[in-house]
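For ligands, and for the atoms within them, numbers begin at 1 and follow the listed sequence.
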Amino acid sequence: MTFARIVSTGMSLPENIVTNDDIAKKVETSDEWIYGRTGIHERRVSSEGQATSNFAAAASKQALEKAGMDPMDLQCLIVATITPDLPFPASACLAQESLGAKNAAAFDISAACSGYVYALSIADAYIRGGLYENVMVVGAETLTKVINWEDRGSCILFGDGAGATLVTASDKPGLGYTELGADGAYADLIHVPGGGSKVPTTHETVDQGLQYAVVKGRDVYKLAVTLAEKVITRALEKNDLSVDDIALLVPHQANQRITDAVQERLGFSEDRVASNIEFYGNTSAASVPICLHEAASGGRIKSGDKVLLVAFGAGFTWGTMLIDW
Ligand code: UT7
């Protein structure tokens, strides 16, 4: 029987660090408020000319090098992103070119902060179905390019970067139980009103700021806590596991208070829950693979450990995946 396993990871971040104090110089806020409400101290912000595919390619290169794999052996490159370099072609194609992965099929998927879990499930299906043996799955974002830096309710939240995982065919189990979900009734909770086919870009839409993300933070917060608790519980029940069987829970990094609430409600000890929001903010589809890379390279997860991913975001979308590391 063929399974899909993560064999290596990589990550890439912009060098530019923007602290809460830096933001407080531009909008009415403070480090105390931002850190207290979100757990974020600083985030990485891409510079002019830096785009999503740059980070996707750099993170993938790192994962390929770690695995000792030639880019030409990559058969598929999937980039989960809601901030592509261009409306089209896909950032995956631009990353593929920069990597020299000429034999890889390449495409983006759009499921916001859940995008990486969605993309991982595609890689799992391709590999178990026998279509490919080597697939790179990337979460990459430059959210700071689509937020309104004058809106203190949203500009404090997001950061840029990418995380990549190389997934290959194996006779040992790896990627396992998966739940994906969506509820379009909540589409307006986090969205960009302009620039698509509904409201194409014009001078007027730009004057109105419709190119910027609208975030109904409080509503997202409430929905995220309830949903994350529900889907994690379901994943544990369906696999006859308890929280103690999970070596590391890797939640999407949306707000430290969301993570803390879920952790406390379900009874996970703090050392079994990944968190790096303090340094990177919410990097959307990149947050789970960046956490995974840091956990794997820091020795926090070892071969044989059970790792549970949970992500949620615009759409509204969500996804959980149980991994035998
Ligand atoms: O990954 C999915 C995307 N992530 C999200 O959508 C984030 C989820 N939501 C959150 O993280 C939190 O809801 C926020 C951090 C965005 C906001 O925290 P909150 O505790 O829900 O605050 P709030 O929106 O209810 O606002 C409370 C007060 C308001 O003032 P009034 O109306 O009570 O006078 C806001 O105007 O805090 C004010 N406020 C701020 N004050 C200082 C909002 N943003 C700021 C700010 N600095 N940056």
Side-chain angles (χ1 to χ4, degrees), residues 18-43 45 80-83 110-118 139-161 163 181-193 212-229 231-232 250-263 274-278 280-291 309-320:
V18 173
T19 64
N20 292 344
D21 288 334
D22 293 331
I23 295 180
K25 287 177 194 146
K26 293 182 187 151
V27 292
E28 187 66 36
T29 189
S30 64
D31 176 50
E32 196 188 359
W33 193 95
I34 301 171
Y35 186 68
R37 296 282 178 131
T38 67
I40 301 167
H41 257 318
E42 59 190 45
R43 70 286 293 142
V45 175
T81 187
I82 48 167
T83 47
S110 170
C113 306
S114 316
Y116 171 75
V117 178
Y118 270 65
E141 302 279 16
T142 46
L143 255 298
T144 65
K145 307 247 183 184
V146 300
I147 55 175
N148 180 352
W149 282 96
E150 289 174 6
D151 173 19
R152 67 177 183 170
S154 61
C155 75
I156 57 160
L157 295 171
F158 298 103
D160 301 335
D183 189 345
Y186 294 106
D188 69 330
L189 289 193
I190 318 169
H191 72 291
V192 176
Y212 296 128
V214 175
V215 181
K216 296 187 180 165
R218 182 135 286 264
D219 295 334
V220 173
Y221 186 98
K222 284 190 248 167
L223 190 59
V225 173
T226 318
L227 188 70
E229 185 184 358
V231 295
I232 293 170
V250 183
H252 166 51
Q253 308 286 300
N255 183 317
Q256 188 59 41
R257 287 192 298 141
I258 296 178
T259 302
D260 290 346
V262 171
Q263 174 187 326
S275 171
N276 59 18
I277 193 167
E278 183 174 352
Y280 310 137
N282 177 350
T283 57
S284 186
S287 90
V288 169
I290 288 175
C291 275
L309 314 183
V310 60
F312 45 83
F316 212 78
T317 57
W318 62 90
T320 50

State whether the shortest distance between N or O atoms of Asn255 and N or O atoms of ligand 1 falls below 3.5 angstrom.
yes
Side chain or backbone, does Phe158 bring an N or O within less than 3.5 Å of an N or O on ligand 1?
no
So, Glu141 versus Thr81: side-chain donor-acceptor pair below 3.5 Å or not?
yes
Under 4.0 Å from atom 42 (C) of ligand 1, is there any protein heavy atom?
yes
Under 4.0 Å and counting heavy atoms only, is there anything from the protein next to atom 33 (O) of ligand 1?
no
Proximity to ligand 1 by part of [X], non-hydrogen separation under 4.0 Å:
X      : result
Thr38  : side chain
Arg257 : side chain
Val27  : neither
Ile190 : side chain

What are the atoms of ligand 1, with element, lying closer than 4.0 Å to any heavy atom of [X]?
X      : answer
Ala254 : 1 (O)
His252 : 1 (O)
Arg37  : 19 (P), 20 (O), 22 (O), 27 (C)
Asn282 : 1 (O), 2 (C), 3 (C), 4 (N)
Gly153 : 16 (C), 44 (N)

Which protein non-hydrogen atom lies closest to [atom], naming both residue and atom, and how far is it?
atom                    : answer
atom 30 (O) of ligand 1 : Arg152 NH2, 4.5 Å
atom 47 (N) of ligand 1 : Thr29 OG1, 2.6 Å
atom 23 (P) of ligand 1 : Arg218 NE, 3.9 Å

Note: heavy atom closest to atom 7 (C) of ligand 1, options Leu157, Leu143, Ile34, Thr283, belongs to Leu157
Among Phe312, Trp33, Phe316, closest by heavy atom to atom 44 (N) of ligand 1 is Trp33
Taking side-chain hydrogen bond (donor to acceptor under 3.5 Å, both in side chains) as the criterion, tell me which of Thr83, Thr142, Thr144 meets it with Asp160.
Thr144
